Structures are given as structure tokens and as C-alpha cells.
Trainee: 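This is the structure I want to talk about, given as C-alpha cells.
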Amino acid sequence: MEYLSLIPATALGYLTLRVTTHPTARIRRKMPNIKTGRVQIFPVLRFKIFGRVIHLHHWVSFSIILGLSFFISLGIVDYIVTKGILLGGIIHGLTVPSQHRKIIYKNFSLEKLIALDKNTSRD
């Protein structure tokens with residue numbers, strides 16, 4: 001019976017991340033960019049190493065957390081609702097076009113990655 005709460009939690013996770021992670025979303029534009037030197041920690045996690053930018057997408061980190069939650073007791077992650085929200089975030093991340101799922105970018109500055117390219121947003 002507890003697993004019936006997985007479906008609405010998954011939908012909640014999917015819709016929440018759909019609204020907050022798109023670069024043109026009103027909520028995302030209001031979020032501050034927190035970065036120091038070669039590391040950006042909010043609203044996305046990016047590292048600049050050896051002239052490349054490594055972008056850790058939410059679906060990658062959610063997959064790791066969800067996988068670990070099946071083997072290790074992690075507090076709030078033990079709840080089925082939390083697992084549903086993580087699953088919704090993973091589903092959202094995997095439904096975006098494949099060109100937006102790149103993890104390593106070559107020769108880009110963090111500012112170029114943060115800025116929205118209006119030509120590619122129409123595609």
C-alpha cells in the first residue's frame with residue numbers, strides 16, 4: 001500500500017524539476033549563480049578542469065542517491081515519497097534531448113554555459 005504514494009511523488013518530482021531546471025524558466029532565472037573560481041555549485045554543479053567544463057546533471061546525482069538508498073540507510077531518502085521525487089527527477093533528466101545531456105564540454109567558459117543562446121532555444 002505504501003508504494004501507491006510512489007506515483008504521485010514521481011509526478012511531483014518530474015513537474016518540479018521541469019519548472020525549475022529549464023534555463024528560460026522564471027524560477028530558474030531568479031536563482032542566484034553561486035560560483036567561486038573554477039566551481040559553480042548553484043543552481044547547477046559544474047567544475048572547470050583542464051580547459052573543459054564537467055557538468056553534473058541532476059539526473060546523474062539523483063541516480064546515485066537513489067541507488068545508494070536501496071543499500072544504505074540515508075535518513076530522509078528512506079521514505080518512499082523521497083524515492084519517488086528522485087525517480088521523477090531522473091525521468092525528467094532522461095527525457096530532455098540528448099544534446100542537452102552532455103557531461104563534458106570542451107573550450108567553454110562557465111559564463112557561456114550559463115548564458116542562454118537564443119538561436120539554440122528555438123530548435
Side-chain angles (χ1 to χ4, degrees):
M1 196 64 156
E2 182 180 328
Y3 287 100
L4 289 177
S5 61
L6 184 68
I7 295 169
T10 302
L12 176 68
Y14 178 84
L15 294 173
T16 301
L17 285 162
R18 184 175 176 190
V19 170
T20 58
T21 60
H22 195 276
T24 61
R26 187 178 343 154
I27 296 171
R28 169 77 184 267
R29 285 186 283 155
K30 290 183 180 182
M31 291 180 185
N33 287 323
I34 301 174
K35 60 182 178 175
T36 57
R38 298 177 178 262
V39 178
Q40 179 181 1
I41 58 171
F42 192 78
V44 295
L45 191 57
R46 291 187 179 121
F47 304 97
K48 186 173 183 182
I49 301 172
F50 303 117
R52 300 191 194 304
V53 176
I54 299 172
H55 179 184
L56 298 177
H57 295 273
H58 64 275
W59 57 271
V60 174
S61 57
F62 285 5
S63 298
I64 294 168
I65 294 169
L66 186 61
L68 288 175
S69 73
F70 292 116
F71 302 107
I72 302 171
S73 178
L74 295 172
I76 195 168
V77 183
D78 285 339
Y79 298 119
I80 195 73
V81 174
T82 307
K83 290 180 182 182
I85 291 171
L86 290 171
L87 183 61
I90 294 166
I91 292 170
H92 170 265
L94 294 176
T95 58
V96 298
S98 61
Q99 67 264 22
H100 297 292
R101 284 188 266 158
K102 289 177 61 175
I103 294 176
I104 299 175
Y105 297 91
K106 299 178 185 177
N107 300 324
F108 284 103
S109 69
L110 288 175
E111 290 76 21
K112 286 183 183 178
L113 288 173
I114 294 169
L116 177 64
D117 184 9
K118 295 182 182 182
N119 294 333
T120 60
S121 65
R122 294 181 198 159
D123 295 337

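Remember, it's a predicted structure, so these values are computed and weren't measured experimentally. Hydrogens, waters and symmetry mates are skipped; everything else that's a heavy atom, side chains included, is used.
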Trainee: Is there a continuous path of hydrophobic side-chain contacts, each under 4.5 Å between heavy atoms, that joins L86 to V96?
Mentor: no

Trainee: One pair to check against side-chain contact (heavy atoms from CB on, under 4.5 Å): L15 and H92. What are the steps and the verdict?
Mentor: CA-CA 8 Å; L15 294 173; H92 170 265; over 6 Å; no

Trainee: Angle between ring planes, F62 versus H58, binned at 30° and 60°: parallel, tilted or perpendicular?
Mentor: perpendicular

Trainee: For the residue pair I103 and I54, establish whether any side-chain heavy-atom pair is separated by less than 4.5 Å.
Mentor: yes

Trainee: With sequence neighbours excluded, what pairs up with A25 under the side chain to side chain contact (heavy atoms under 4.5 Å, CB included) test?
Mentor: H22, R28

Trainee: Under a 4.5 Å cut-off applied to non-hydrogen side-chain atoms, are L87 and Y14 in contact?
Mentor: no

Trainee: Are L12 and I7 linked, directly or through other ILVMFWY residues, by side chains that come within less than 4.5 angstrom of each other?
Mentor: no

Trainee: Roughly how far, to the nearest 0.5 Å, is CD1 of I85 from NZ of K83?
Mentor: 13.0 Å

Trainee: Starting from the C-alpha separation in whole Å, work towards a yes-or-no answer on side-chain contact (heavy atoms from CB on, under 4.5 Å) for S5 and I80.
Mentor: CA-CA 7 Å; S5 61; I80 195 73; 3.0 Å; yes

Trainee: For residues 65-78, which side-chain N or O atoms pair as donor and acceptor with protein atoms under 3.5 Å away, sequence neighbours left out?
Mentor:
{"residue": "S69", "atom": "OG", "partner": "L66", "partner atom": "O", "Å": "2.7"}
{"residue": "S73", "atom": "OG", "partner": "D78", "partner atom": "OD2", "Å": "2.7"}

Trainee: Has H55 got a side-chain atom pairing as donor or acceptor with R101's backbone, closer than 3.5 angstrom?
Mentor: no

Trainee: How far does OG1 of T21 sit from CD1 of I27, to the nearest 0.5 angstrom?
Mentor: 10.5 Å

Trainee: Report yes if the side chains of F42 and N33 come closer than 4.5 Å at any heavy-atom pair, otherwise no.
Mentor: no

